[in-house]
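What follows is one structure encoded as structure tokens, with my remarks underneath.
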Protein chains: 2
Amino acid sequence: MTDKTKKYDKLSSNMEDYLETVIVLKQKDGVVRAKDISELMNVTKASVSCALKTLSRKGFVLHEKYGHVDFTPKGEELANKIKKRHDMLTKFLKNILGLDNKLSEKDACKIEHALSTKTSKRLAKFVEFVQSSETPEWLKGFNFYIKTGKRSECKYKRKK
Amino acid sequence: MTDKTKKYDKLSSNMEDYLETVIVLKQKDGVVRAKDISELMNVTKASVSCALKTLSRKGFVLHEKYGHVDFTPKGEELANKIKKRHDMLTKFLKNILGLDNKLSEKDACKIEHALSTKTSKRLAKFVEFVQSSETPEWLKGFNFYIKTGKRSECKYKRKK
DNA sequence: AATCTAAGTTAGTCGAGTTTAACATGTTTC
DNA sequence: GAAACATGTTAAACTCGACTAACTTAGATT
């Protein structure tokens, strides 16, 4: 793989967002049109057209003029990674921090682009660790603390 | 307070970064010069000059030509909030996720701007809840899991 | 098949934030 | 106090991603 190829494998937050929207639409509808992207992202058709040109030039999507949008293998792989990261982050916000659905979704959309690979992986392990079986006692304790402002009684003595 | 005043109280991520750098330098050196900002942020002096003009116009800093930089009360208040949020996030990454110092710092810098007020507050409660006394057993368990890939034995039976 | 409408594209503009290069000011040192 | 050097500012250009407005194409309707 040449340096040149490598260089095109990083995308801006905005381009990541477009890619993510494409995979969401593809999974939902099977087929992806610019119109749907523009509606889902609340941007104009012109912006979508422009973004698709960029993603196409960089080798993430296939997009002939006036045609449907599809992934290249590279694009699909990246889109999947992005989506997974998004879902993991949403889980963290919702199931661990206990934020509501809407906010979890919305904040995940913003935060996801800021996570380094390492941090993303570590957080994924954290979520997995916490959610691997039934809700742990301490998390119930945290929920209680959020609701009431009080710490629920604990079986263990605390120093101080 | 007029609408007009209110409107100026939101800053872009970039401007938040400048403000944060100013408070860091002020706490470190007592006095803030454009040069130091430019070094700490790795941008040119020209960029700093431009940013200070913006922050000054919006009423967050006081900055006379060729002079030192200081906060307005409004600017100081916001800078403090930003710094607190940053420190809280760093704590989370470092002390709970167990990431190393450098990465925690670096990722906090990026993530902090993406947190909504509500999420930021909730995360702060989470950090406070977890760190209010000695390291809880479950967190030790997580650290063990990160290191070894194995879950340490647990006193409680798990359903499956 | 001609037309109408929905969808997509292009061209030009804007704003934020960056850069380089040239210029201005302040400070130190002799 | 003048020269030299460090620091700060300005101007012009660039990138990115958004927008509007005008245009083109594809598909549905008749």
Side-chain angles (χ1 to χ4, degrees), chain A residues 4 7-22 25-26 28-71 78 82 109-110 112-114, chain B residues 4 7-22 25-26 28-71 78 82 109-110 112-114:
Chain A
K4 207 162 183 184
K7 177 168 152 191
Y8 289 120
D9 286 357
K10 286 283 172 197
L11 288 182
S12 69
S13 301
N14 287 311
M15 289 303 132
E16 284 191 355
D17 272 333
Y18 280 104
L19 215 56
E20 191 177 349
T21 303
V22 172
L25 286 170
K26 188 174 175 183
K28 186 164 75 80
D29 302 336
V31 113
V32 182
R33 282 165 310 168
K35 166 89 179 331
D36 302 322
I37 300 175
S38 100
E39 273 173 9
L40 200 52
M41 295 185 71
N42 266 308
V43 295
T44 60
K45 298 173 294 165
S47 302
V48 174
S49 195
C50 187
L52 288 176
K53 207 178 289 173
T54 302
L55 289 174
S56 179
R57 177 167 50 76
K58 297 196 174 182
F60 291 94
V61 302
L62 302 164
H63 181 227
E64 293 167 7
K65 262 197 187 179
Y66 299 100
H68 288 164
V69 183
D70 210 340
F71 288 116
L78 181 56
I82 292 170
C109 280
K110 293 185 296 168
E112 53 176 329
H113 307 292
Chain B
K4 207 162 183 184
K7 176 168 154 190
Y8 290 119
D9 285 357
K10 284 284 172 196
L11 287 181
S12 69
S13 301
N14 287 313
M15 289 303 130
E16 284 190 358
D17 272 333
Y18 280 104
L19 214 57
E20 191 176 350
T21 302
V22 172
L25 286 169
K26 188 174 176 185
K28 185 163 77 80
D29 302 337
V31 112
V32 182
R33 282 165 311 168
K35 166 89 181 330
D36 302 321
I37 300 176
S38 102
E39 273 173 8
L40 200 52
M41 295 185 71
N42 267 306
V43 294
T44 61
K45 298 173 292 166
S47 303
V48 175
S49 196
C50 187
L52 287 176
K53 208 178 289 172
T54 302
L55 288 174
S56 179
R57 178 167 47 79
K58 296 195 175 184
F60 291 95
V61 303
L62 302 164
H63 182 229
E64 292 166 9
K65 261 197 189 182
Y66 298 101
H68 288 166
V69 185
D70 210 341
F71 287 115
L78 181 55
I82 291 170
C109 280
K110 294 184 297 167
E112 53 177 330
H113 308 291

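For the numbers below, each heavy atom of this structure counts, side chains included, while hydrogens, waters and symmetry mates do not. Quantities reported herein were computed from a predicted structural model and do not represent experimental measurements. By convention in this document, chain letters (A, B, ...) are assigned in the order of the sequence lines, proteins followed by strands, and residues within each chain are numbered from 1.
- A 4.5 Å side-chain heavy-atom check between B:T54 and B:L11 finds every atom pair outside the cut-off.
- Listed nucleotides D:dA26, D:dT10, D:dT9 differ in distance to B:A46; the shortest reach to its side chain belongs to D:dT10.
- Using a 4.0 Å heavy-atom cutoff across all strands shown, B:T54 reaches no nucleic acid atom at all.
- Following rounding to the nearest Å, A:K53 (NZ) and D:dC16 (P) show an atom-to-atom distance of 14 Å.
- Looking at heavy-atom distances under 4.0 Å, B:M15 makes contact with sugar-phosphate atoms alone, never a base.
- Nearer to the 5' terminus of DNA chain D, by closest-nucleotide assignment, is the contact made by A:M41 (compared with the other of A:Y66 and A:M41).
- Taking 4.0 angstrom as the limit, A:N14 places a side-chain polar atom (N or O) nearer than this to OP1 or OP2 of D:dA18.
- No side-chain heavy atom of B:F60 sits under 4.5 Å from any side-chain heavy atom of B:M15.
- Side-chain atoms of B:T21 come within 3.5 Å of backbone N or O of B:D17 as a donor-acceptor pair.
- At a threshold of 4.0 angstrom between heavy atoms, the contacts of B:C50 include nucleobase atoms, whether or not backbone atoms are also involved.
- Among the protein residues, A:H68 comes within range of no part of the nucleic acid, since none of its heavy atoms lies under 4.0 Å from any strand.
- The CG atom of A:L55 sits 13 Å away from the C1' atom of D:dC16 (whole-angstrom rounding).
- Across all strands, A:A34 comes closer than 4.0 Å only to sugar-phosphate atoms, never to a base (heavy-atom distances).
- Side-chain contact between A:K26 and A:D70: present, with at least one pair of heavy atoms (C-beta onward) separated by less than 4.5 Å.
- One distance of note links SG of B:C109 with CD of B:E16; it measures 12.0 Å at 0.5 Å rounding.
- The residue A:K45 sits close to a base: some heavy atom pair falls under 4.0 Å.
- For D:dC19, one of the phosphate oxygens OP1 or OP2 lies less than 4.0 angstrom from a side-chain nitrogen or oxygen of A:T44.
- Between the NZ atom of A:K35 and the C1' atom of D:dA26 there is a distance of 15 Å, given to the nearest Å.
- Residue contacts for A:V48: at a heavy-atom cut-off of 4.0 Å it reaches no nucleic acid atom on any strand shown.
- Taking 4.0 Å as the cutoff to heavy atoms of chain B, we find the contact window on DNA chain C bounded by C:dG17 to C:dT25.
- Side chains of B:S47 and B:Y18 form a contact here, defined as non-hydrogen atoms less than 4.5 Å apart.
- Side-chain contact check for A:E20 versus A:E112: some heavy-atom pair is nearer than 4.5 Å.
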